[in-house]
2 protein chains.
Amino acid sequence: MNRSNSGANLPALRSHNAALVLDLLRTAGDAGISRLELAERTGLTPQAVSKITARLRAEGTATEAGRRASTGGKPRTVLKLVPSAGHAIGLHLDRDELTAVLVDLAGTLVGVRTVPLDLGAGHDTVVGTAAEQAESLIGGRPILGVGVASPGPLDHHTGVLHRITGFPQWNGFPLRDALAARLGLPVVLDKDTNAAALGLALRGPADSFAYLHLGTGLGAGLVLGGTLLRGSRTGAGEFGHQTILLGGPACGCGARGCIEALCLMSVARGDIAAAARFLGVGAANLVGLLDIDRVLLGGRTVMGAQDGFVRGVRAVLEERARRGGDARAVPVAVAPGGPHAVAEGAARLILGPVFGHGDGGGTRLQAPVRSSDLPILG
Amino acid sequence: MNRSNSGANLPALRSHNAALVLDLLRTAGDAGISRLELAERTGLTPQAVSKITARLRAEGTATEAGRRASTGGKPRTVLKLVPSAGHAIGLHLDRDELTAVLVDLAGTLVGVRTVPLDLGAGHDTVVGTAAEQAESLIGGRPILGVGVASPGPLDHHTGVLHRITGFPQWNGFPLRDALAARLGLPVVLDKDTNAAALGLALRGPADSFAYLHLGTGLGAGLVLGGTLLRGSRTGAGEFGHQTILLGGPACGCGARGCIEALCLMSVARGDIAAAARFLGVGAANLVGLLDIDRVLLGGRTVMGAQDGFVRGVRAVLEERARRGGDARAVPVAVAPGGPHAVAEGAARLILGPVFGHGDGGGTRLQAPVRSSDLPILG
DNA sequence: TGCACTTTGGCAACAGCGTTGCTTAAGTGG
DNA sequence: CCACTTAAGCAACGCTGTTGCCAAAGTGCA
């Protein structure tokens, strides 16, 4: 059950268990999972799992798909998620382009559209373009909702943008509500780095990790204990302006010795190794402070010199591990996912709550979201 | 309900709601709280709250205590927690002394004992002394469990100590199990900074804060979104060895420019203002990265020059807020709680789960903890 | 081929949760 | 004194996961 301040009743109990089972089905993927395995993993009795899966099958969100080999008795029946039982839209609003994706319940990409878009154009133009792209992908399908990833800062709870660097005209604009009104769908807004981290969290097995994004700026998405850390005012992840060199070179933020400034200066000089070392020092600080399992790198600058950045960051973390007497350093890798990773992560803002992850942001999809509320079953 | 991977059944539902109500009763303190207010706060129906509070009253953990003024009808009956319905022991194992406290359900200090203790003495001596101090405080009362706060690093899940700086002989010692076997009570082990932070979390209203402890070393306890962050290997909060001055003075850890080294060197020179500024830079990094609401300072060194440290850290944070255009800087204060704060926080390791906070650590008190399982009600 | 055994999974009855509908208790105000 | 308001409990209820039992569907040996 979610750590919350609200009481739970029978429907909440039911949703919780259904979401848990759905999540295990999702994680199992094409391999599927048997009822008894579900019972072991959830701690529920086999009979309870039978009832829950029967409901899910009746709703169309799960299905039987073959059997396992017998171990001396009746063979186990394999259950799988039916990915087409629900879809979500993910929008990545970047400074110069808009990427829209349609994904199914399993998170599989069903459709993509990318169009150039000047974030400096008027509110109506941007909202209109975003809505058009979303609608063209939907194609009449029932949609759970729309997740939007935007450069920060912004307020995830209210869905309002703040002062985006270089685009002050968006300050205070209620993007979530504007888009929700235009599309008639639930919309959730979050920072691009958070969306990327969320996509990675649902993809991989790492319980705690940091996604470091180095593009025109430097930011981080933090997943701690399986949960995305947004902070009190959706401000968490401001990694670029961590001071690592007191009295160092001036940064655009007004301070000195910020990681971002040091990295970008090195990159501008063409010295990737130096940039990677600065990034590594920041990563080492993160690893120590938060005790994370993994560091993932992304962003256009990193993608332009993947090996150099991974090697440089890894070297700093290995040095740190040696000092601490740890057998193994925290692994470093380039974030998987390709060019639509952020948009796909944005879609996960919608899919997450269906599987019991997070709270669906400011806009609760339902209260609580239960599988029987999937629109397709309406 | 707790974000977990385990299914929930009716007893779990009942425990969850009972814990929620108990927590509201605890928070209300001497002022008490009415049934209808409980219903509003939990989202449960008034009738459900009536049933739950009736059970709690029957068990002895809650009681009626007067009525509020009428607002035109029957006046509300005020309910309060019965603090004496349960007690917990908190032990603070420090390098040179042991503090043991006995607290009641409300967290109120009932008894304290402090004895000198050399952590360098043998395992049996230390465990024996700890057990003796605990037993002398218990005095036949039914006890929920014993929380132990120790210098890190250690593993909170297994209850095993790691390589404590200066006391390598404890490496790998299963302190939790040793003490549990000796006392016949559930024991939970955690780092001293975590215990301190947990005590502060249950005391104040701040949802997210950092407790920075500057004594012989520098560490942090992080509470994010109401939950103590322990990290994957109970390693979170290693704040002292954050690099803030690349290529700076050498630190005992083998790196250069660690906050701890910079702070302690300044303190050694008697330059509290400089130490506070270094601490402030680290705090500013934290505030940006985690978007916390509050910074609290503690530890012997801080307590020796409270004003200097608070002013210095505050100045850095205010400068940071000005740069970011924020109206208000994150507030800084000395952590309240007095000399037994850590031991009291350790006791909260046991009390927390009763009120639905956290998971009770490696040793689950019960599975799940429900109020009817309080030993006193046996 | 037949029978014993193992394992899976559903049916039916059940205890217990919060909810609903209604009644009783205990005040205020004209 | 009576109408009204508000609080809180009783009883019946729907629905949850659980328990006890049984049918289905395999394996393996005689």
Side-chain angles (χ1 to χ4, degrees), chain A residues 1 4 6-21 32-59 62-79 367-368 370-373, chain B residues 1 4 6-21 32-59 62-79 367-368 370-373:
Chain A
M1 317 196 212
S4 70
S6 66
N9 50 21
L10 288 175
L13 184 78
R14 173 188 169 130
S15 320
H16 170 79
N17 287 339
L20 218 57
V21 169
I33 186 170
S34 69
R35 287 178 180 79
L36 284 173
E37 215 174 328
L38 287 170
E40 284 166 21
R41 299 276 284 271
T42 57
L44 295 170
T45 60
Q47 181 59 21
V49 171
S50 270
K51 283 188 177 182
I52 292 167
T53 55
R55 285 198 298 262
L56 296 177
R57 284 190 299 144
E59 292 171 359
T63 186
E64 295 191 344
R67 355 190 99 180
R68 291 226 197 289
S70 165
T71 58
K74 180 174 175 177
R76 300 186 172 185
T77 311
V78 173
L79 297 167
R370 45 175 119 172
S371 53
S372 60
D373 291 331
Chain B
M1 314 197 216
S4 70
S6 66
N9 50 21
L10 289 174
L13 184 77
R14 174 188 167 129
S15 318
H16 171 79
N17 287 339
L20 217 58
V21 169
I33 186 170
S34 70
R35 287 178 180 78
L36 284 171
E37 215 173 328
L38 287 170
E40 284 166 21
R41 300 276 286 270
T42 57
L44 295 169
T45 59
Q47 181 59 21
V49 171
S50 269
K51 284 188 176 182
I52 292 166
T53 54
R55 285 199 296 262
L56 296 176
R57 283 191 298 145
E59 292 171 358
T63 187
E64 294 191 345
R67 348 190 104 182
R68 292 230 194 289
S70 166
T71 59
K74 179 175 175 177
R76 301 185 173 187
T77 312
V78 173
L79 297 166
R370 43 175 120 174
S371 53
S372 60
D373 290 331

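A, B, ... follow the sequence lines: proteins, then strands. Residue 1 opens every chain.
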No-H, no-angle donor-acceptor pair, Lys51(A) side chain to dT18(D) base, under 3.5 Å: yes
Measure across [X] and [Y] and return the closest heavy-atom pair with its distance rounded to 0.1 Å.
| X | Y | result |
| --- | --- | --- |
| Arg76(B) | Ser34(B) | CD-OG, 3.4 Å |
| Leu44(B) | Ala48(B) | CB-CB, 4.2 Å |
| Arg35(B) | Val49(B) | O-CG1, 3.5 Å |

In whole angstroms, how far is the [atom2] atom of [N] from the [atom1] atom of [X]?
| X | N | atom1 | atom2 | value |
| --- | --- | --- | --- | --- |
| Leu38(B) | dA8(D) | CG | P | 10 Å |
| Leu20(A) | dG17(D) | CG | C1' | 14 Å |
| Gln47(B) | dA12(D) | CD | P | 14 Å |
| Arg35(A) | dA24(D) | CZ | P | 16 Å |
| Leu79(A) | dG9(C) | CG | P | 8 Å |
| Glu64(B) | dA25(C) | CD | P | 16 Å |
| Lys74(B) | dG9(D) | NZ | C1' | 8 Å |
| Arg67(A) | dG9(C) | CZ | C1' | 10 Å |

Classify [X] by what it touches in the nucleic acid, base, sugar-phosphate, or nothing, heavy-atom distance under 4.0 Å.
| X | result |
| --- | --- |
| Ser34(B) | nothing |
| Arg68(B) | nothing |
| Pro75(B) | sugar-phosphate |
| Leu10(A) | base |

Straight-line distance of Thr42(B) OG1 to Ile52(B) CD1, nearest 0.5 Å: 7.0 Å
Could you check which of [options] has an atom nearest any side-chain atom of [X]?
| X | options | value |
| --- | --- | --- |
| Ser70(A) | dG26(D), dG27(C), dT7(C) | dG26(D) |
| Leu13(A) | dT16(D), dG10(C), dG18(C) | dT16(D) |
| Thr77(B) | dG18(C), dG10(C), dA8(D) | dA8(D) |
| Arg14(B) | dA26(C), dG27(C), dG16(C) | dG16(C) |
| Thr45(B) | dT18(D), dT19(C), dT6(D) | dT19(C) |
| Ser50(A) | dC17(C), dA26(C), dG10(C) | dG10(C) |

side-chain contact (heavy atoms from CB on, under 4.5 Å) between Val78(A) and Glu64(A), worked out: CA-CA 6 Å; Val78(A) 173; Glu64(A) 295 191 344; over 6 Å; no
Full working for side-chain contact (heavy atoms from CB on, under 4.5 Å) between His16(B) and Leu13(B): CA-CA 5 Å; His16(B) 171 79; Leu13(B) 184 77; 5.7 Å; no
Whichever of Gly72(A) and Arg76(B) has its nearest DNA chain D nucleotide further upstream toward 5': Arg76(B)
Given DNA chain D, 5'-ward residue of the pair Leu36(B) and Asn17(A), judged by closest heavy atom: Leu36(B)
Phosphate contact (dC15(D) OP1 or OP2) by Arg55(A) side-chain N/O below 4.0 Å: no
